[in-house]
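Naming: A, B, ... by sequence-line order, numbering from 1 per chain. On a predicted model such as this, the values are computed, not experimentally measured, just so you know.
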Amino acid sequence: MVNDEARWVARASEGDAAAFRHLVEAHSSALYRVCARITGDKALAEDAVQEAFFNAYRHLREFDGRAAFSTWLHRIAVNAALEQMRKRNRVEAALPEGEEGNELIADAFESPPGPERHATSAELRRDIETQLARMSAIERAAFVLRHHEGQSLEDIAVTLSLSISASKQAIFRAVRKLRAVLEPVD
Amino acid sequence: MNTISDDDLVLYHYRDSLDARRLAEIEHALLASESLRERYASIERAMARVDALPAPEPDADFNRRLWRELEPRLRAPATIRRESWRERLHALHAWLSPPRLAFAAGACVLALAVGIGFYAGRRSAPTQALVAQTEADAAAARVLDAYVAAHLRATEGVLLTASNSDSTELLNGNRELAASLVEANRLYALAAARAGNTQLADFLRQLEPVLISLANPSESNPIKPSEGLRDYLHSTDLMFQVRATQARLDRAGAHRT
């Protein structure tokens, strides 16, 4: 499987668009997930994924195979997501009050398990929205990479160009912010 | 007394960044202390709530839409090769054309880029044109990257001084430095934009108002703006972005060497 991917990468780096399309289709969903979690916005996530693949294509020859191709792509995607947020001046005000920024989380709750859980889910959704909005882009990214992507602190530090200590602190702050609103529900 | 903080418990939850001894200590403490168990359970519950949100998934048409947008961009010549050295030279030339823009760093960039391009052009026989162009292209990019990286290092220093120093003398000097960086920042943003590096250009444009405000602090109280800046830097990741962009440019420069 990995060798297969190495072959696709080699072909794509020679300019084979079909090979690159194969790589795009293999990794697009995973990149979308990480970008959507960081940006909290469908449109920004899609733009970030597109930029990530575009940048990856431009730099394919620089991919040296020391890390897995997916790891390399994820790093590019995380930075593309942060860049998208920065471009739209949303680094701090990550999610707006209005409906647009709430799309993702709203979508996540489109099929609630039942009426009795609906109110709780909506409440929880609002709580998490609020806390996500209060996180800085770096806190969100560090938390997403640690919690959802299962990356080690060392990898997070490399991806975000931070020290390990700064990565830890970003995660601690993110968890504190989430707990601040989630704990009182207990 | 070895206390266990909530941050330790977060690391314990992820089993990350704790050595075996510390893990064992926390495990024993959890067995021994009910209040610690409750604190840990609270963290676990918060994490479980986050996990309860379904993962965001792209819609069914996403791949088709993505490829439709991506494919034309991949076919553009600039995608595979770097921008032509003519483009970069033109960008640098345009950058320096207004007289007010002709300050020392810009002149150095132009002189180097033009010199390298001219040298490569003179040396290149028709069959060597592509090689010479690539060399000149890489050299021009390297020069620009190096200058912008140095500019960002200076900017980082100004931000740190402005946010950490309470010395009026230092702040006055820093204000002058910030004023000199405003113009340079504008030039580099222009150069980056004209060389096709919109990402860098956008970032530099974002820095400009910060530098302008540092160059023009309140006369009545030069200390208070420092506090404001400290808060601003603390609440945004501007410093991180400055360092990350600088590191990226350094890496890009090293890679081109």
Check your understanding: Relative to chain B, which of Q50(A), E154(A), Q169(A) shows the most heavy atom pairs under 4.5 Å?
Key -> Q50(A)
Check your understanding: Hey, are S152(A) and D16(B) close enough side-chain-wise for a donor-acceptor pair under 3.5 Å?
Key -> no
Review point. To the nearest 0.5 Å, what is the distance between CG (D47(A)) and CD (E69(B))?
Key: 8.5 Å
Check your understanding: What is the distance from atom CG of N63(B) to atom OH of Y32(A), rounded to the nearest 0.5 Å?
Key -> 12.0 Å
Practice item. In sequence, state the C-alpha distance, the side-chain angles, and the governing distance for L70(B) and Y57(A), and then conclude on side-chain contact (heavy atoms from CB on, under 4.5 Å). Key: CA-CA 10 Å; L70(B) 202 51; Y57(A) 186 75; over 6 Å; no
Review point. Do the non-hydrogen side-chain atoms of F53(A) and L74(B) ever get within less than 4.5 Å of each other?
Key: no
Point to revise | Leading residue by heavy atom contact count with chain B [cutoff under 4.5 Å; candidates R33(A), E51(A), R146(A)] | key: R146(A)
**Study point:** Nearest-0.5 Å distance that lies between atom CG in L238(B) and atom OG in S136(A)
**Key:** 12.5 Å
**Study point:** Heavy-atom closest contact (L153(A) atom, L11(B) atom, distance)
**Key:** CD1-CD2, 3.9 Å
Check your understanding: Under the side-chain contact (heavy atoms from CB on, under 4.5 Å) criterion, do W67(B) and F20(A) qualify, and how do the steps go?
Key -> CA-CA 10 Å; W67(B) 187 251; F20(A) 190 67; 3.9 Å; yes
Review point. Contact part of D202(B) toward chain A, heavy-atom cut-off under 4.5 Å: side chain, backbone, both or neither?
Key: both
Check your understanding: Nearest 0.5 Å, what's the CD-CD distance between Q199(B) and E83(A)?
Key -> 4.0 Å
Point to revise | Under 3.5 Å side-chain donor-acceptor pair for R243(B) and S161(A) | key: no
Check your understanding: Measuring heavy-atom distances to chain B, does E14(A) have an atom under 4.5 Å in its side chain, in its backbone, in both, or in neither?
Key -> neither
Check your understanding: So how far is it from N79(A) CG to R248(B) CZ, rounded to the nearest 0.5 Å?
Key -> 6.0 Å
Practice item. Give the C-alpha distance, both sets of side-chain angles, the deciding distance and a yes or no for side-chain contact (heavy atoms from CB on, under 4.5 Å) between V175(A) and M47(B). Key: CA-CA 8 Å; V175(A) 172; M47(B) 300 301 194; 3.7 Å; yes
Point to revise | Between R21(A), H148(A), K168(A), the one whose heavy-atom pairs under 4.5 Å with chain B are most numerous | key: R21(A)
Practice item. Find the distance between CZ (F62(B)) and NZ (K42(A)) and round it off to the nearest 0.5 Å. Key: 11.5 Å
Check your understanding: So with a 6.0 Å cut-off around CZ of R15(B), is the heavy-atom count from everything else above 12?
Key -> yes
Check your understanding: Within a reach of under 6.0 Å around CD of E38(B), are more than 12 heavy atoms found that belong to other residues, nucleotides or ligands?
Key -> yes
Practice item. May I ask you to say whether R65(B) pairs ionically with E46(A), meaning some side-chain N is under 4.0 Å from a carboxylate O? Key: yes
Exercise for review: Would you please classify the geometry between the H147(A) ring and the Y14(B) ring as parallel, tilted or perpendicular, with 30° and 60° separating the classes?
Suggested key: perpendicular
Practice item. Report the C-alpha distance between D6(B) and R179(A) in whole Å, list the side-chain angles of each, state the deciding distance to 0.1 Å, and finish with yes or no for side-chain contact (heavy atoms from CB on, under 4.5 Å). Key: CA-CA 11 Å; D6(B) 281 5; R179(A) 288 181 67 199; 3.0 Å; yes
